[in-house]
Protein chains: 2
Amino acid sequence: MPVSPEALEAAHLIDRLERLARSGEQSGRLNPAQWDALRYLARANRFSRTPAALADYLASTRGTVSRTLASLEYKGYVSRGPSARDGRSVEFALTPKAEHALARDPLRIVATDIEQATDGNVAKLLDGLRRTLRNSIARNNGRAFGACLSCWHFRVRVRLSSRTPHHCGLLDEPLSEADSRTICVEQEPAAAA
Amino acid sequence: MPVSPEALEAAHLIDRLERLARSGEQSGRLNPAQWDALRYLARANRFSRTPAALADYLASTRGTVSRTLASLEYKGYVSRGPSARDGRSVEFALTPKAEHALARDPLRIVATDIEQATDGNVAKLLDGLRRTLRNSIARNNGRAFGACLSCWHFRVRVRLSSRTPHHCGLLDEPLSEADSRTICVEQEPAAAA
DNA sequence: CGAGATAATTGCTACTAGCTATTACTGCAG
DNA sequence: CTGCAGTAATAGCTAGTAGCAATTATCTCG
């Protein structure tokens, strides 16, 4: 398959950017996989905070993710609770310590670089990256892991004056405004890409 | 330091893109660090093919890189030779096996995604990424590792009718057209960013 | 020539990932 | 309600990996 030199260079740049960000992650006592887990939990909704979901999201295995979360729990970054939906399952939540760490997430440094590089006009870069990721995911496994807002099962403003005005048609659950921006394992894009 | 949500999302997307590419790398018998080494050697000029240079480029340690290269050598992807410039140093070259592997580099898949996502108009995305990486590198360690073409020491067309018309003022070496596009450890950007 | 710096490698240690059981629970069929 | 195939999570085992520190060979400068 032919690839233009420009596209290839862009791929190289993404690779290098990520590597630089990763080297910043080493400074704490969290490894890259652990950072990824924290970031995921910070954005995932309450139906998607299980080891299995995280494993799917990270394209990793359940055994590995199990240990990652165990390590995070041991260090006090996450807490574990039983799932109300499935007795075999567990659900994780971030602790204040994790919130504090995320406020100093090395990824933020890349974000500031992006902001500077685009003079505050991030939209175009963001759009290109979004489309690219969508393509990549589509070819890899089809798991989108998008936000509820853009999901096929998302019903807008079903209960107008409620704190949870929206609704998930798949899980049959009320959703708040904040919920609608969280990542969900069940997400299926609403419209064709 | 405040960061816009858009910039942060862009950083997240880069992280995820890279992770997907990385999962593709597992399929062969080369790990991510080994892929990075091959990619580097494919683009580095003949003054920059040492373990130390690679370690700087990857922001890794020399010990680690030494093993990475040893493993690649054992598997037949790179060959080792003494350095003409420094008796302590060694220089690595890619074998045909490596060239063959690079033709199937998983990063190319990301590149095709980028190409599709931008409808062939990669320039803008590329520009944003270039600027971002420049910022990131500048803050991290200042090692640019750019191509000779954009180097302070690069002298254009000093020998007009030669196969090596250009010249490196620092190393005092003639450079071919191809040389001028390779990555060099010594590179210092010609103009202020 | 001698001293200090540098290139590369290797021993040691700690960590990490994947594979493969193993345990506990679910949900369906009869 | 009982058994059974399927799934969630985890632990044992193994192989591979990275970083640090020590070692050897070589360079450079006085």
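Numbered from 1 within each chain, the chains take letters A, B, ... in sequence-line order.
- Below the 3.5 angstrom threshold, one finds no donor paired with an acceptor across the side chain of R88(A) and the base of dT26(C).
- Between S66(B) and T64(A), it is S66(B) whose nearest contact on DNA chain C lies nearer the 5' terminus.
- At whole-Å resolution of the value, CD in E73(B) and C1' in dA8(C) are 13 Å apart.
- For dT17(D), the OP1/OP2 oxygens have a side-chain nitrogen or oxygen of N31(B) closer than 4.0 Å.
- Once rounded to the nearest 0.5 Å, the distance linking CG of D56(B) with OH of Y40(B) reads 8.5 Å.
- S83(A) comes within contact range of no nucleotide atom at all, as no heavy-atom separation falls under 4.0 Å.
- Rounded to whole Å, atom P of dA7(C) lies 13 Å from atom CD of E91(B).
- Between V65(A) and G63(B), it is G63(B) whose nearest contact on DNA chain C lies nearer the 5' terminus.
- Proximity note for A33(A) (side chain, C-beta onward) versus dT17(D), dA17(C), dA8(C): the nearest is dA17(C).
- Here S60(A) reaches the OP1 or OP2 of dG18(C): one of its side-chain N or O atoms lies under 4.0 Å away.
- We find that E18(A) and R19(B) are not joined by a salt bridge, their nearest charged nitrogen and carboxylate oxygen being 4.0 Å or further apart.
- A donor-acceptor contact shorter than 3.5 Å links the side chain of T118(A) to the backbone of I114(A).
- In the interface, the side chain of R67(B) is paired with the base of dG19(D) through a donor and an acceptor atom under 3.5 Å apart.
- Among the nucleotides dA8(C), dT17(D), dA8(D), the one closest to the side chain of R62(A) is dA8(D).
- No hydrogens or angles were tested; on distance alone, nothing pairs the side chain of R85(A) with the base of dG27(C) as donor and acceptor under 3.5 Å.
- We find that CG of D36(B) is positioned 14 Å from C1' of dT17(D), with the value rounded to whole Å.
- Listed nucleotides: dA8(C), dT17(D), dA9(D). Nearest to the side chain of T50(B): dA8(C).
- Closest approach to the D86(A) side chain among dA8(D), dA17(C), dG12(D) is made by dA8(D) (side chain taken as heavy atoms from C-beta onward).
- Considering only side-chain N and O atoms, T61(A) lies nowhere under 4.0 angstrom from the phosphate OP1 or OP2 of dC19(C).
- Considering only the side chain of T68(A), dA17(C) comes nearest among dT17(D), dA8(D), dA17(C).
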